[in-house]
Amino acid sequence: MTRSTHGLGESPRPVAVIPRVIGVLVVLAAAAIVIVVAVRHFTGDSGRSVAAYCTTWKTEGQKLHAKWQAAQQQAQASDDPFRSLTTVMGAPQDLAAFFRTLDRVAPDEVEPSVADYQRAWQRTADNLGAKATDPISFGLAQLSVMAQAGDAEQQIDRYTRTHCAG
């Protein structure tokens with residue numbers, strides 16, 4: 001601290017107090033983050049749970065359903081076939097994103113299936129983009145992708161019906 005003269009006597013004037021306070025807060029925040037990460041690591045709490053899975057399934061699924069429903073209604077109202085085609089073309093990417101979000105919270109017993117299914121939808125989206133001008137090639141690639149994802153889809157369906165009913 002430095003001292004300055006203010007009128008009759010000397011009074012201390014804080015210099016660099018704010019940066020010190022900010023520094024202390026940064027250190028405390030960093031320590032809190034380290035503690036949270038350590039607790040999660042050592043307790044195995046990765047944010048994956050049945051409750052998180054079911055909540056994500058329902059909330060994100062409802063958002064996706066609402067998006068597709070709105071797109072379908074707009075396409076029907078405009079009599080524009082291109083709009084319907086655009087919705088169909090975007091569906092694989094939407095599903096890949098949905099299952100990517102679900103995979104982040106899926107419990108260990110269903111996570112491998114969710115990850116496999118997410119990758120299948122991502123490959124579908126990638127194939128659709130790469131093979132859009134060649135429907136036969138896309139169809140063959142898609143048959144292969146979905147045949148590989150069939151078991152994952154069944155596992156996800158069983159798990160979701162069992163744990164997220166209601």
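Only a predicted model underlies this, so the values are computations on that prediction, with no experimental measurement involved. All residue numbers in this chain count up from 1 along the given sequence.
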TODO: Determine the minimum heavy-atom distance between Ala149 and Ala120, stating which atoms define it.
DONE: CB-CB, 3.5 Å

Open item on the list: Would you compute the distance between atom OG1 of Thr160 and atom CG of Leu102 and round it to the nearest 0.5 angstrom?
Closed with: 7.0 Å

Open item on the list: Using side chain to side chain contact (heavy atoms under 4.5 Å, CB included), reason through Arg104 and Arg48 one step at a time and then give a plain yes or no.
Closed with: CA-CA 7 Å; Arg104 291 183 186 123; Arg48 297 179 179 275; 5.6 Å; no

- [ ] Give the intermediate values and the outcome of side chain to side chain contact (heavy atoms under 4.5 Å, CB included) for residues Asp116 and Phe99.
- [x] CA-CA 9 Å; Asp116 288 347; Phe99 284 101; over 6 Å; no

- [ ] With the side chain counted from C-beta on, respond yes when Trp57 and Val105 share a heavy-atom pair under 4.5 Å apart, and no when they do not.
- [x] no

Task: Distance-minimising heavy-atom pair for Tyr159 and Pro107 - done: OH-CG, 3.1 Å

Open item on the list: Minimum heavy-atom separation for Phe98 and Gly61, please, with both atom names.
Closed with: CE1-N, 3.4 Å

TODO: Verify side chain to side chain contact (heavy atoms under 4.5 Å, CB included) between Tyr53 and Ile156, making sure each step is shown before the conclusion.
DONE: CA-CA 11 Å; Tyr53 175 89; Ile156 293 166; 3.5 Å; yes

Open item on the list: Using every non-hydrogen atom in the two residues, find where Gly47 and Ala52 come nearest and quote the distance to one decimal.
Closed with: O-CB, 3.8 Å

Task: Rounded distance [0.5 Å steps], CG in Asp94 versus NZ in Lys63 - done: 13.0 Å

TODO: For Gln122 and Arg119, run side-chain hydrogen bond (donor to acceptor under 3.5 Å, both in side chains): C-alpha distance rounded to whole Å, both residues' side-chain angles, the deciding distance at 0.1 Å, then the answer.
DONE: CA-CA 5 Å; Gln122 188 60 57; Arg119 284 190 295 272; over 6 Å; no

Open item on the list: What's the separation between atom CD in Glu60 and atom NE2 in His65, rounded to the nearest 0.5 Å?
Closed with: 14.5 Å

Task: Heavy-atom closest contact (Asp108 atom, Pro112 atom, distance) - done: O-CD, 3.3 Å

TODO: Using a strict cut-off of less than 4.0 Å between a Lys/Arg side-chain nitrogen and an Asp/Glu carboxylate oxygen, indicate whether Arg100 and Asp103 qualify as a salt bridge.
DONE: no

Task: Non-hydrogen atoms of Gln155 and Ser113 that approach each other most closely - done: CG-OG, 3.1 Å

